2 protein chains.
Amino acid sequence: MSRADAVDVPDDGARRTPDRLRRRASRLLSQLTMRSDRLVNEGLARVDARKWHYAVLASLQEHGPGSQAELSRRSGIYRSDMVGVLNELAERDLVERGPDPEDRRRNVITISDRGRRRLRRLDKVLDDLHDELLAPLSPAERDQFVQLTTRLLDHHTRTS
Amino acid sequence: MSRADAVDVPDDGARRTPDRLRRRASRLLSQLTMRSDRLVNEGLARVDARKWHYAVLASLQEHGPGSQAELSRRSGIYRSDMVGVLNELAERDLVERGPDPEDRRRNVITISDRGRRRLRRLDKVLDDLHDELLAPLSPAERDQFVQLTTRLLDHHTRTS
DNA sequence: CCGTTGCGTTAGTCCGACTAACGGGATACG
DNA sequence: CGTATCCCGTTAGTCGGACTAACGCAACGG
């Protein structure tokens, strides 16, 4: 099948992580995600961005302006943390925060031209980073991988 | 402007995460891992365990006794955090901490009989949890998934 | 008019990964 | 022999991300 889960395997140099541990999907996932997160965070930090920036900008570009709460829902960022993110984006003039004429208790967030340019740049950066992340896989395998994880994630979000 | 005048896209309910975001492998990974971690942590908590317990016990069972630093290396737990984990394990009489006769500055950790029984139990628990985690995938797909993530992880640990 | 609901915000918890520093014991080397 | 260096166990503390609690305020709905 996979490897030698036979009895008498002399794994001298391999004397590392126990197999039962290494094989567990949950561990593979968290280890890999740690690497992936680091890769992405560092990559984005190099261009003075954070993944939240991308998430919010993408959401604005794709679904148009929205209130903070709505952006929060669309991007998966907690509304508690949204404030800070929007501050960072506003500082950089990537986004404009204005009061909603129709509902004075909320702000409407709009993407700016700079924001749109920024988003294009970040998309490029992320493409490169993902190329690095998925380097060992062939195009077909990358698709497979994305497909499988998508299915898993979907299942667990619906069954939440 | 508000919402209802969407032109041609019938994504009423689907008005959610932007696509470019949703299909990024990095995002899929961190989202999925969050779910997976929660699942596993909660599952283990229900039997008064944590994943570190499993990691250490498995390492002891598979590679025999060792110093704290060595266990740290084998299991990937930071040596700073090892103390706490071993305290928890020792409290429950799953391991024994004794001074190394050959090197008085270090402790030798040994798994106890209770520990061995415990490990078997945890293995069962984890099997069930992984069944839940990978539920939507066929056996073949599960293998595929494990294979792909393993390759990715290996690549990124070697290239670290 | 009042209760409920949603929004923006602040503060703070919890947890995991990771760093810094330290004393003491072990080893290597001059 | 002494000393420099390394390793080990330990404590304390940082950092970032997810998440909760609570509040004030505005709006909507009966």
Side-chain angles (χ1 to χ4, degrees), chain A residues 26-27 29-42 44-45 49-56 65-90 95 97-109 156-157 160, chain B residues 2-3 26-27 29-42 44-45 49-56 65-90 95 97-109 156-157 160:
Chain A
S26 60
R27 171 167 238 259
L29 277 174
S30 42
Q31 293 278 117
L32 180 56
T33 297
M34 209 189 310
R35 306 275 173 175
S36 157
D37 281 354
R38 261 209 289 262
L39 194 75
V40 170
N41 288 335
E42 283 166 8
L44 288 177
R50 301 204 287 135
K51 58 183 166 183
W52 311 124
H53 297 187
Y54 179 75
V56 169
S67 73
Q68 298 191 187
E70 197 189 341
L71 289 179
S72 183
R73 264 171 259 126
R74 302 205 295 226
S75 63
I77 305 174
Y78 251 70
R79 80 189 201 288
S80 318
D81 304 323
M82 200 69 212
V83 198
V85 176
L86 288 179
N87 286 342
E88 291 178 5
L89 288 173
V95 127
R97 220 192 308 218
D100 186 337
E102 293 175 6
D103 186 341
R104 267 179 307 173
R105 69 196 152 161
R106 70 184 147 190
N107 301 331
V108 168
I109 315 298
H156 287 285
T157 40
S160 70
Chain B
S2 45
R3 23 175 77 252
S26 60
R27 173 170 237 256
L29 277 174
S30 41
Q31 293 279 115
L32 181 56
T33 298
M34 208 190 308
R35 307 275 174 174
S36 155
D37 280 355
R38 260 210 289 263
L39 194 75
V40 170
N41 288 335
E42 283 167 9
L44 288 177
R50 300 203 286 137
K51 58 183 165 181
W52 309 124
H53 297 186
Y54 180 74
V56 170
S67 72
Q68 298 191 186
E70 196 188 342
L71 290 180
S72 183
R73 265 171 259 127
R74 303 205 293 225
S75 63
I77 305 175
Y78 250 69
R79 76 191 204 292
S80 318
D81 304 324
M82 200 67 210
V83 199
V85 176
L86 289 179
N87 286 342
E88 292 177 3
L89 288 173
V95 301
R97 219 192 307 218
D100 187 337
E102 293 174 6
D103 187 341
R104 267 178 310 172
R105 71 195 153 159
R106 72 182 146 192
N107 302 329
V108 168
I109 316 296
H156 287 284
T157 39
S160 72

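Quick caveat: nothing in here was measured; it's all calculated off a predicted structure.
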- Message: Quick check on DNA chain C: between A:Arg97 and B:Gly76, whose nearest nucleotide comes earlier from the 5' end?
- Response: A:Arg97
- B:Ser67 side chain vs B:Val108 backbone, donor-acceptor pair below 3.5 Å: no
- Task: Verify the contact: side-chain N or O of B:Tyr78 to OP1 or OP2 of C:dG16, cut-off strictly under 4.0 Å; return yes or no.
- Result: no
- Query: Does B:Arg50 place a side-chain N or O at less than 4.0 Å from the phosphate oxygens OP1/OP2 of C:dG16?
  - Reply: yes
- Separation of B:Arg38 atom CZ from D:dG17 atom P, in whole Å? 16 Å
- Message: Just to be sure I understand the rule, does A:Met34 reach a base, reach only the sugar-phosphate, or reach nothing, if contact means heavy atoms closer than 4.0 Å?
- Response: sugar-phosphate
- Query: Across the strands shown, which category fits B:Ser67 at heavy-atom distances under 4.0 angstrom: base, sugar-phosphate, nothing?
  - Reply: sugar-phosphate
- Of A:Asn41 and A:Arg79, the one whose closest DNA chain D nucleotide lies more 5': A:Asn41
- Note on the structure: Between CE of A:Met82 and C1' of C:dG6 the distance, given in whole Å, is 16 Å
- Task: Can you see which heavy atom on B:Asn107 is nearest to which on B:Gln68, and at what distance?
- Result: ND2-OE1, 3.2 Å
- Message: Let's test your reading of the model: under 3.5 Å, does the base of C:dT9 pair with the side chain of A:Ser80 as donor and acceptor?
- Response: no
- Item | Integer-rounded Å distance: D:dT10 P and B:Ile77 CD1 | 14 Å
- Task: Let me know the distance between CZ of A:Arg27 and C1' of C:dA17, rounded to the nearest Å.
- Result: 13 Å
- Nearest 0.5 Å, what's the CE-CD distance between A:Met82 and A:Glu70? 10.5 Å
- Examine distances only and state if a side-chain atom of A:Ser36 and a backbone atom of A:Leu32 form a donor-acceptor pair shorter than 3.5 Å. no
- Message: To the closest 0.5 Å, what do you measure between CE (B:Met34) and OG1 (A:Thr33)?
- Response: 9.5 Å
- Message: Without decimals, in angstroms, what is the distance between A:Leu44 CG and D:dG17 P?
- Response: 11 Å
- Message: From CD of B:Gln68 over to C1' of D:dC7, roughly how many Å is that when rounded to an integer?
- Response: 13 Å
- Output yes when at least one side-chain N/O atom of A:Asn107 is less than 4.0 Å from OP1 or OP2 of C:dT9, else no. yes
- Which part of the nucleic acid does A:Asp37 contact within heavy-atom distance under 4.0 Å: base, sugar-phosphate only, or nothing? nothing
- Given DNA chain D, 5'-ward residue of the pair A:Asp81 and B:Val83, judged by closest heavy atom: B:Val83
- Item | Spacing of A:Ile109 atom CD1 relative to C:dT9 atom C1', expressed in whole Å | 13 Å
- Query: Starting at CD of A:Glu42 and ending at P of C:dC18, how long is that distance when rounded to a whole Å?
  - Reply: 11 Å
- Whichever of A:Arg106 and A:Gln31 has its nearest DNA chain C nucleotide further upstream toward 5': A:Arg106
